[in-house]
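Below you'll find the structure, written out as C-alpha coordinates, and then a few comments.
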Amino acid sequence: DAIVSLQSVSKTYENGSKALVDVSLDIKRGDFLFVTGPSGSGKSTLLKLLYGEERANQGDVLVDGCNLTTLRGDRLSQLRRRIGIVFQDYKLIPRRTVMENVAFVLWAQGLPRKEIHRRLQPALKMVGLVHKADCFPDQLSGGEQQRVSIARAIVSTPPILLADEPTGNLDPDNSWQVIKILKKLNSVGITVIVTTHDESLIRLSNHPTVQLRNGYLYRPKG
Ligand code: ADP
Ligand code: ADP
(Lines give C-alpha, C1' and ligand atoms only; values in the text may rest on other atoms or scores of the structure.)
(Ligands and ions follow the chains in the order given, each with its own letter.)
Protein backbone atom coordinates (compact mmCIF):
# COMPACT_ATOMS: atom_id res chain seq x y z
CA ASP A 1 0.00 0.00 0.00
CA ALA A 2 2.86 2.39 -0.82
CA ILE A 3 1.69 5.73 -2.22
CA VAL A 4 5.26 6.50 -3.31
CA SER A 5 7.75 3.89 -4.43
CA LEU A 6 11.24 4.29 -5.86
CA GLN A 7 12.64 1.05 -7.24
CA SER A 8 16.39 0.99 -7.94
CA VAL A 9 16.26 4.56 -9.17
CA SER A 10 19.31 6.35 -10.57
CA LYS A 11 19.52 9.90 -11.87
CA THR A 12 22.53 11.30 -13.66
CA TYR A 13 22.29 14.83 -15.07
CA GLU A 14 23.47 15.60 -18.58
CA ASN A 15 26.70 17.13 -17.26
CA GLY A 16 27.53 13.79 -15.59
CA SER A 17 26.48 14.69 -12.02
CA LYS A 18 25.27 11.54 -10.31
CA ALA A 19 22.43 12.89 -8.16
CA LEU A 20 20.85 9.56 -7.15
CA VAL A 21 22.38 6.08 -7.26
CA ASP A 22 20.25 2.92 -7.05
CA VAL A 23 17.76 4.40 -4.58
CA SER A 24 14.88 2.23 -3.37
CA LEU A 25 12.27 3.62 -1.00
CA ASP A 26 8.62 2.88 -0.16
CA ILE A 27 6.44 5.48 1.51
CA LYS A 28 3.06 4.39 2.82
CA ARG A 29 -0.12 6.42 2.55
CA GLY A 30 -0.32 8.71 5.57
CA ASP A 31 3.41 8.59 6.38
CA PHE A 32 5.51 11.62 7.36
CA LEU A 33 9.08 11.18 6.14
CA PHE A 34 12.14 13.39 6.50
CA VAL A 35 14.83 13.19 3.82
CA THR A 36 18.03 14.59 5.21
CA GLY A 37 21.58 14.94 3.98
CA PRO A 38 24.11 17.65 3.14
CA SER A 39 23.76 20.13 0.29
CA GLY A 40 24.24 18.43 -3.07
CA SER A 41 23.37 14.96 -1.76
CA GLY A 42 20.33 14.52 -4.02
CA LYS A 43 17.39 15.64 -1.85
CA SER A 44 15.88 18.09 -4.38
CA THR A 45 16.43 15.64 -7.19
CA LEU A 46 14.48 12.96 -5.31
CA LEU A 47 11.50 15.31 -4.95
CA LYS A 48 11.82 16.46 -8.57
CA LEU A 49 11.49 12.85 -9.70
CA LEU A 50 8.31 12.51 -7.62
CA TYR A 51 6.55 15.43 -9.31
CA GLY A 52 7.94 14.78 -12.76
CA GLU A 53 10.26 17.80 -12.98
CA GLU A 54 13.12 15.43 -13.75
CA ARG A 55 13.11 11.88 -15.07
CA ALA A 56 15.03 8.89 -13.74
CA ASN A 57 17.64 7.30 -16.06
CA GLN A 58 17.12 3.92 -14.42
CA GLY A 59 14.51 2.27 -12.22
CA ASP A 60 10.87 3.05 -11.60
CA VAL A 61 9.24 5.93 -9.79
CA LEU A 62 5.64 5.16 -8.77
CA VAL A 63 3.43 7.88 -7.31
CA ASP A 64 -0.20 7.33 -6.36
CA GLY A 65 -0.57 4.50 -8.86
CA CYS A 66 1.24 6.20 -11.76
CA ASN A 67 4.64 5.31 -13.19
CA LEU A 68 6.50 8.61 -13.61
CA THR A 69 9.14 6.97 -15.79
CA THR A 70 6.72 6.80 -18.70
CA LEU A 71 3.98 9.31 -17.81
CA ARG A 72 3.72 12.28 -20.17
CA GLY A 73 1.44 15.10 -21.27
CA ASP A 74 -2.06 15.29 -19.79
CA ARG A 75 -1.59 12.26 -17.57
CA LEU A 76 1.47 13.90 -16.01
CA SER A 77 -0.41 17.20 -15.50
CA GLN A 78 -3.24 15.29 -13.83
CA LEU A 79 -0.85 13.59 -11.45
CA ARG A 80 0.86 16.90 -10.64
CA ARG A 81 -2.47 18.33 -9.53
CA ARG A 82 -2.56 15.62 -6.89
CA ILE A 83 0.79 16.68 -5.45
CA GLY A 84 1.26 19.81 -3.33
CA ILE A 85 4.74 21.36 -3.42
CA VAL A 86 6.46 23.79 -1.07
CA PHE A 87 9.86 25.35 -1.85
CA GLN A 88 12.54 26.95 0.28
CA ASP A 89 12.06 30.32 -1.46
CA TYR A 90 8.20 30.32 -1.31
CA LYS A 91 7.81 31.25 -5.00
CA LEU A 92 4.86 33.59 -4.37
CA ILE A 93 3.67 36.01 -7.05
CA PRO A 94 4.84 39.42 -5.75
CA ARG A 95 2.06 41.64 -7.13
CA ARG A 96 -0.77 39.39 -5.99
CA THR A 97 -2.37 39.27 -2.56
CA VAL A 98 -2.19 36.26 -0.28
CA MET A 99 -5.70 35.28 -1.30
CA GLU A 100 -4.90 35.62 -5.01
CA ASN A 101 -1.70 33.62 -4.64
CA VAL A 102 -3.61 30.77 -3.02
CA ALA A 103 -6.62 31.02 -5.36
CA PHE A 104 -4.47 31.01 -8.49
CA VAL A 105 -4.11 27.23 -8.62
CA LEU A 106 -7.87 26.70 -8.45
CA TRP A 107 -8.50 29.46 -10.94
CA ALA A 108 -6.01 27.88 -13.33
CA GLN A 109 -7.91 24.61 -12.98
CA GLY A 110 -11.06 26.38 -14.12
CA LEU A 111 -13.03 26.13 -10.88
CA PRO A 112 -16.04 28.44 -10.51
CA ARG A 113 -15.56 31.54 -8.34
CA LYS A 114 -17.92 30.38 -5.62
CA GLU A 115 -16.09 27.08 -5.31
CA ILE A 116 -12.75 28.90 -5.14
CA HIS A 117 -13.96 31.05 -2.26
CA ARG A 118 -15.41 28.03 -0.49
CA ARG A 119 -11.97 26.38 -0.54
CA LEU A 120 -9.81 29.41 0.24
CA GLN A 121 -11.03 29.91 3.78
CA PRO A 122 -10.09 26.49 5.20
CA ALA A 123 -6.67 26.60 3.50
CA LEU A 124 -5.86 30.03 4.99
CA LYS A 125 -7.26 28.95 8.34
CA MET A 126 -5.04 25.86 8.37
CA VAL A 127 -1.95 28.11 8.21
CA GLY A 128 -3.37 30.83 10.48
CA LEU A 129 -3.42 33.61 7.88
CA VAL A 130 -7.09 34.47 7.37
CA HIS A 131 -6.37 37.96 8.72
CA LYS A 132 -3.60 38.50 6.12
CA ALA A 133 -5.68 37.48 3.11
CA ASP A 134 -5.44 40.93 1.50
CA CYS A 135 -1.74 41.52 2.17
CA PHE A 136 0.96 41.34 -0.49
CA PRO A 137 3.90 38.96 0.00
CA ASP A 138 6.37 41.77 0.78
CA GLN A 139 4.16 42.83 3.68
CA LEU A 140 4.66 39.44 5.33
CA SER A 141 7.51 37.89 7.30
CA GLY A 142 9.41 34.95 5.81
CA GLY A 143 7.53 32.55 8.06
CA GLU A 144 4.19 33.97 6.96
CA GLN A 145 5.21 33.79 3.30
CA GLN A 146 6.09 30.14 3.73
CA ARG A 147 2.70 29.53 5.36
CA VAL A 148 1.02 31.14 2.31
CA SER A 149 2.94 28.77 0.06
CA ILE A 150 1.71 25.86 2.20
CA ALA A 151 -1.88 27.08 1.86
CA ARG A 152 -1.38 27.27 -1.90
CA ALA A 153 0.03 23.73 -1.93
CA ILE A 154 -2.94 22.23 -0.09
CA VAL A 155 -5.86 24.27 -1.43
CA SER A 156 -6.62 21.63 -4.04
CA THR A 157 -6.57 18.95 -1.30
CA PRO A 158 -3.73 16.79 -2.69
CA PRO A 159 -3.08 13.41 -1.06
CA ILE A 160 0.69 14.07 -1.17
CA LEU A 161 2.64 17.11 0.00
CA LEU A 162 6.32 17.57 -0.90
CA ALA A 163 8.37 20.23 0.86
CA ASP A 164 11.90 21.01 -0.34
CA GLU A 165 13.90 22.62 2.49
CA PRO A 166 10.77 24.50 3.61
CA THR A 167 12.56 25.93 6.65
CA GLY A 168 15.82 26.74 4.86
CA ASN A 169 15.34 30.51 5.10
CA LEU A 170 13.61 30.60 8.49
CA ASP A 171 14.73 31.09 12.09
CA PRO A 172 14.15 28.24 14.58
CA ASP A 173 10.77 29.55 15.82
CA ASN A 174 9.32 29.98 12.35
CA SER A 175 10.83 26.68 11.27
CA TRP A 176 9.06 24.88 14.08
CA GLN A 177 5.76 26.59 13.20
CA VAL A 178 6.07 25.35 9.63
CA ILE A 179 6.82 21.81 10.81
CA LYS A 180 3.82 21.95 13.16
CA ILE A 181 1.56 22.85 10.23
CA LEU A 182 3.02 19.99 8.16
CA LYS A 183 2.37 17.64 11.11
CA LYS A 184 -1.23 18.86 11.33
CA LEU A 185 -1.72 18.23 7.61
CA ASN A 186 -0.25 14.77 8.05
CA SER A 187 -2.64 14.10 10.93
CA VAL A 188 -5.60 14.68 8.61
CA GLY A 189 -4.24 12.03 6.23
CA ILE A 190 -1.88 13.79 3.83
CA THR A 191 1.35 11.93 3.05
CA VAL A 192 4.17 14.40 3.76
CA ILE A 193 7.76 14.23 2.50
CA VAL A 194 10.13 16.93 3.75
CA THR A 195 13.76 17.50 2.84
CA THR A 196 15.93 19.31 5.36
CA HIS A 197 19.51 19.43 6.53
CA ASP A 198 18.38 20.73 9.94
CA GLU A 199 19.15 17.88 12.35
CA SER A 200 17.61 19.67 15.33
CA LEU A 201 14.21 19.90 13.62
CA ILE A 202 14.34 16.19 12.88
CA ARG A 203 15.17 15.38 16.50
CA LEU A 204 12.30 17.56 17.77
CA SER A 205 9.79 16.08 15.34
CA ASN A 206 10.20 12.37 15.96
CA HIS A 207 9.32 11.19 12.44
CA PRO A 208 11.04 8.53 10.32
CA THR A 209 14.12 9.79 8.51
CA VAL A 210 16.20 8.61 5.60
CA GLN A 211 19.53 10.12 4.70
CA LEU A 212 21.12 10.84 1.34
CA ARG A 213 24.88 11.05 0.94
CA ASN A 214 26.37 11.54 -2.54
CA GLY A 215 23.16 10.18 -4.04
CA TYR A 216 23.08 7.01 -1.92
CA LEU A 217 20.16 6.43 0.45
CA TYR A 218 20.76 5.28 4.02
CA ARG A 219 18.27 4.28 6.70
CA PRO A 220 19.25 4.84 10.30
CA LYS A 221 19.26 1.68 12.42
CA GLY A 222 16.61 1.04 15.07
P1 ADP B 1 20.38 18.67 -2.62
O2 ADP B 1 18.92 18.99 -2.81
O3 ADP B 1 20.62 17.61 -1.58
O4 ADP B 1 21.18 19.90 -2.36
P5 ADP B 1 20.43 18.19 -5.47
O6 ADP B 1 19.44 17.12 -5.76
O7 ADP B 1 20.03 19.59 -5.73
O8 ADP B 1 20.91 18.03 -3.95
O9 ADP B 1 21.75 17.90 -6.27
C10 ADP B 1 22.38 16.62 -6.32
C11 ADP B 1 23.54 16.67 -7.29
O12 ADP B 1 23.07 16.88 -8.60
C13 ADP B 1 24.50 17.80 -7.02
O14 ADP B 1 25.79 17.34 -7.36
C15 ADP B 1 24.05 18.88 -7.95
O16 ADP B 1 25.10 19.74 -8.30
C17 ADP B 1 23.57 18.08 -9.14
N18 ADP B 1 22.48 18.76 -9.87
C19 ADP B 1 21.28 19.13 -9.38
N20 ADP B 1 20.52 19.67 -10.33
C21 ADP B 1 21.24 19.62 -11.47
C22 ADP B 1 21.00 20.02 -12.80
N23 ADP B 1 19.85 20.56 -13.17
N24 ADP B 1 21.99 19.81 -13.70
C25 ADP B 1 23.14 19.25 -13.34
N26 ADP B 1 23.45 18.86 -12.11
C27 ADP B 1 22.51 19.04 -11.17
P1 ADP C 1 17.34 23.54 -5.07
O2 ADP C 1 15.99 23.04 -5.49
O3 ADP C 1 17.90 22.81 -3.89
O4 ADP C 1 17.42 25.03 -4.95
P5 ADP C 1 19.05 23.90 -7.31
O6 ADP C 1 18.32 23.84 -8.59
O7 ADP C 1 19.44 25.22 -6.78
O8 ADP C 1 18.27 23.07 -6.25
O9 ADP C 1 20.32 23.04 -7.45
C10 ADP C 1 21.05 22.59 -6.35
C11 ADP C 1 22.46 22.25 -6.78
O12 ADP C 1 22.47 21.80 -8.13
C13 ADP C 1 23.37 23.45 -6.74
O14 ADP C 1 24.61 23.03 -6.26
C15 ADP C 1 23.45 23.92 -8.17
O16 ADP C 1 24.67 24.53 -8.41
C17 ADP C 1 23.30 22.62 -8.92
N18 ADP C 1 22.67 22.86 -10.22
C19 ADP C 1 21.41 23.26 -10.41
N20 ADP C 1 21.14 23.41 -11.71
C21 ADP C 1 22.29 23.08 -12.35
C22 ADP C 1 22.65 23.03 -13.71
N23 ADP C 1 21.80 23.34 -14.71
N24 ADP C 1 23.90 22.65 -14.04
C25 ADP C 1 24.74 22.33 -13.05
N26 ADP C 1 24.46 22.34 -11.76
C27 ADP C 1 23.24 22.72 -11.40
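When a ligand or atom number is given, it counts from 1 through the structure's own listing order.
- Near Asn15, meaning under 4.0 Å from one of its heavy atoms, ligand 1 places the atoms 25 (C), 26 (N).
- Of all the listed residues (Leu20, Leu212, Thr45), Thr45 holds the heavy atom that lies closest to atom 6 (O) of ligand 1.
- Near Ser41, meaning under 4.0 Å from any of its heavy atoms, are these atoms of ligand 1: 1 (P), 3 (O), 8 (O).
- An N or O contact shorter than 3.5 Å links Gly42 to ligand 1 by distance.
- Counting only non-hydrogen atoms, the option in Gly40, Ser17, Gly215 that gets closest to atom 10 (C) of ligand 1 is Gly40.
- Using a 4.5 Å cut-off on side-chain heavy atoms (C-beta onward), Arg147 and Ile181 make contact.
- Using a cutoff of 4.0 Å between basic side-chain nitrogens and carboxylate oxygens, Asp64 and Arg82 are scored as salt-bridged.
- Put simply, no part of Gly37 is less than 4.0 Å from ligand 1, judged by heavy atoms.
- At under 3.5 Å, not a single nitrogen or oxygen of Lys48, backbone or side chain, sits near a nitrogen or oxygen of ligand 1.
- For Lys18, no nitrogen or oxygen atom sits less than 3.5 Å from a nitrogen or oxygen atom of ligand 1, counting backbone and side chain alike.
- Between Asp164 and Lys48 there is no salt bridge, since none of the side-chain N atoms of the basic residue sits less than 4.0 Å from a carboxylate O of the acidic one.
- Between His207 and Phe34, the ring-plane angle classifies as tilted under the 30° and 60° cut-offs.
- Close contacts between ligand 1 and Pro38 involve ligand atoms 3 (O) [criterion: under 4.0 Å to a heavy atom].
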Exercise. Please assess Tyr13 against Thr45 for the test side-chain hydrogen bond (donor to acceptor under 3.5 Å, both in side chains), listing each intermediate value before the final yes or no.
Key: CA-CA 10 Å; Tyr13 286 101; Thr45 299; 2.9 Å; yes
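- Classification of Asp26 and Lys28 as a salt-bridged pair fails, no side-chain N sitting under 4.0 Å from a carboxylate O.
- Note: the hydrophobic cluster containing Leu161 does not contain Leu79 (ILVMFWY, side chain heavy atoms under 4.5 Å, direct or indirect links).
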